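Below is one structure, written out as structure tokens, with a few remarks after it.
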Amino acid sequence: MNNHSMHRVVCISFIVLLFFSCKHGEGEYHGVTDKIKAESENYHGISLSSEAYLEGVETMEITEGEHTFLIPERKRQIKSFACTECHSKPLSQLQSKDGKKAHWDIKLHHANENTMNCATCHDGNNMDNLKSLTGNSIDFNNSYNLCNQCHTKQFEDWKGGAHGKRIGGWAPPRASMTCVNCHNPHKPHFEKRWPARFNTQKIKERE
């Protein structure tokens with residue numbers, strides 16, 4: 001057998017060996033990529049939706065950067081809105097002893113008292129709106145734009161869905177709670193509390 005014939009026999013043997021070695025039974029794959037490709041051929045998406053969790057929640061669509069999603073409409077949930085229904089006079093007159101009491105008893109526990117007061121966020125010239133640190137008007141429905149002036153990292157995480165509570169989980173359409181749905185804007189810190197189930201073992205360990 002000459003070299004040419006020998007080469008031909010080797011090539012044919014290699015092709016036959018390769019053909020038989022590549023045959024596999026059902027559910028057997030050569031690698032993860034092959035398995036994903038084979039088992040996703042008949043995949044046509046998912047039917048999960050968050051709409052069932054949005055019933056009774058009035059939402060509005062917002063776009064922040066590259067993210068578009070739904071948030072709860074807030075102004076209709078504020079019992080004392082619109083503010084100008086009561087704030088029809090200067091604050092000095094409304095705060096008089098004979099004036100009708102409203103929310104003068106609110107104590108602000110948000111940052112240092114020398115840093116923040118009511119006028120830091122509320123617009124004294126237009127009580128139906130909030131205002132930024134630079135004096136720009138902010139709608140009560142978009143109050144998260146007030147928070148993001150200081151809480152930039154949390155705001156970026158919130159836009160992407162990593163901070164805060166999503167309504168209906170990650171199923172589309174995406175709907176997220178805003179800052180004030182979880183935090184009291186006048187006292188945003190969460191108080192420490194015991195777990196729902198009292199852990200007697202931990203009590204013994206602390207003694």
Side-chain angles (χ1 to χ4, degrees), residues 36 40 43-87 102-103 106-113 115-197:
I36 293 172
S40 63
Y43 177 72
H44 301 293
I46 57 173
S47 59
L48 291 175
S49 172
S50 66
E51 289 182 351
Y53 301 97
L54 299 177
E55 291 182 10
V57 180
E58 189 170 349
T59 60
M60 55 181 282
E61 186 178 86
I62 63 165
T63 298
E64 289 295 334
E66 59 188 33
H67 304 282
T68 298
F69 52 98
L70 302 172
I71 62 170
E73 199 277 344
R74 177 160 169 75
K75 284 193 287 192
R76 295 184 188 180
Q77 307 304 317
I78 303 174
K79 293 180 180 179
S80 55
F81 193 85
C83 304
T84 49
E85 290 178 355
C86 296
H87 286 271
H103 39 240
I106 290 178
K107 293 182 179 179
L108 188 63
H109 297 283
H110 195 152
N112 187 290
E113 62 182 8
T115 304
M116 274 184 106
N117 59 31
C118 304
T120 307
C121 301
H122 292 274
D123 190 345
N125 297 319
N126 183 359
M127 298 300 290
D128 288 336
N129 281 321
L130 301 165
K131 68 167 180 141
S132 71
L133 295 173
T134 54
N136 294 322
S137 183
I138 297 176
D139 191 271
F140 269 87
N141 279 332
N142 304 114
S143 60
Y144 57 85
N145 280 322
L146 205 59
C147 308
N148 74 35
Q149 298 175 111
C150 300
H151 304 285
T152 309
K153 183 180 181 300
Q154 290 85 346
F155 177 66
E156 291 300 320
D157 289 342
W158 176 73
K159 285 195 300 183
H163 184 97
K165 172 97 172 89
R166 283 197 171 199
I167 306 171
W170 290 83
R174 178 191 161 188
S176 294
M177 296 291 194
T178 65
C179 313
V180 292
N181 291 122
C182 298
H183 298 272
N184 180 338
H186 302 118
K187 190 180 180 182
H189 177 71
F190 289 126
E191 297 294 333
K192 293 179 180 178
R193 59 182 181 178
W194 286 98
R197 183 175 178 179

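None of these values were measured; they are calculated from a predicted model. Each residue takes its place number in the sequence, starting with 1.
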*Please name all residues satisfying side-chain contact (heavy atoms from CB on, under 4.5 Å) with Ser132, sequence neighbours left out, ordered by chain then number.*
Thr134, Asn136, Ile138, Gln149

*asked:* Listing request: all side-chain hydrogen bond (donor to acceptor under 3.5 Å, both in side chains) pairs with a residue in residues 50-62, at least two apart in sequence or in separate chains.
replied: Glu58-Arg76

*Starting at CG of Asn142, measure out to OG1 of Thr178 and round the result to the nearest 0.5 Å.*
9.5 Å

*asked:* Testing the basics here: between Gly160 and Arg166, what is the closest heavy-atom pair and its distance to 0.1 Å?
replied: O-NH2, 3.6 Å

*Quick one: does Lys165's side chain get under 4.5 Å of Asn181's, heavy atoms only?*
no

*Answer whether the closest heavy-atom distance between the side chains of Gln154 and Cys179 falls below 4.5 Å.*
no

*Nearest 0.5 Å, what's the OG1-CG distance between Thr120 and Leu130?*
11.5 Å

*asked:* Nearest 0.5 Å, please: how far is OG in Ser176 from OH in Tyr144?
replied: 11.5 Å

*Is there a donor-acceptor pair under 3.5 Å between the side chain of His183 and the backbone N or O of Pro188?*
yes

*Who passes side-chain contact (heavy atoms from CB on, under 4.5 Å) against Glu156, sequence neighbours left out?*
Lys159

*Determine whether more than 12 heavy atoms belonging to other residues, nucleotides or ligands lie under 6.0 Å from atom NZ of Lys75.*
yes

*Rounded to the nearest 0.5 Å, what separation is found between the OG atom of Ser143 and the CD1 atom of Ile71?*
7.5 Å

*asked:* What's the separation between atom NZ in Lys107 and atom NE2 in His186, rounded to the nearest 0.5 Å?
replied: 14.5 Å

_My understanding is that only residues two or more places apart in sequence, or in another chain, count here; which of them pass ring-ring contact (aromatic ring centres under 6.0 Å, His included) with His151?_
none

*asked:* Once rounded to the nearest 0.5 Å, what's the spacing between atom CH2 of Trp158 and atom NE2 of His67?
replied: 10.5 Å

*Is any side-chain heavy atom of Pro72 closer than 4.5 Å to a side-chain heavy atom of Ile167?*
yes

_Has Asn145 got a side-chain atom pairing as donor or acceptor with Asn148's backbone, closer than 3.5 angstrom?_
no

_Per the salt bridge (charged side-chain N to carboxylate O under 4.0 Å, His left out) rule, what does the pair list look like for residues 167-185, sequence neighbours excluded?_
none

_Please list all pairs meeting salt bridge (charged side-chain N to carboxylate O under 4.0 Å, His left out) that have one or both residues in residues 121-132, counting only residues at least two apart or in different chains._
none

*Between Phe155 and Glu64, what is the shortest heavy-atom contact and its length?*
CZ-OE1, 3.8 Å

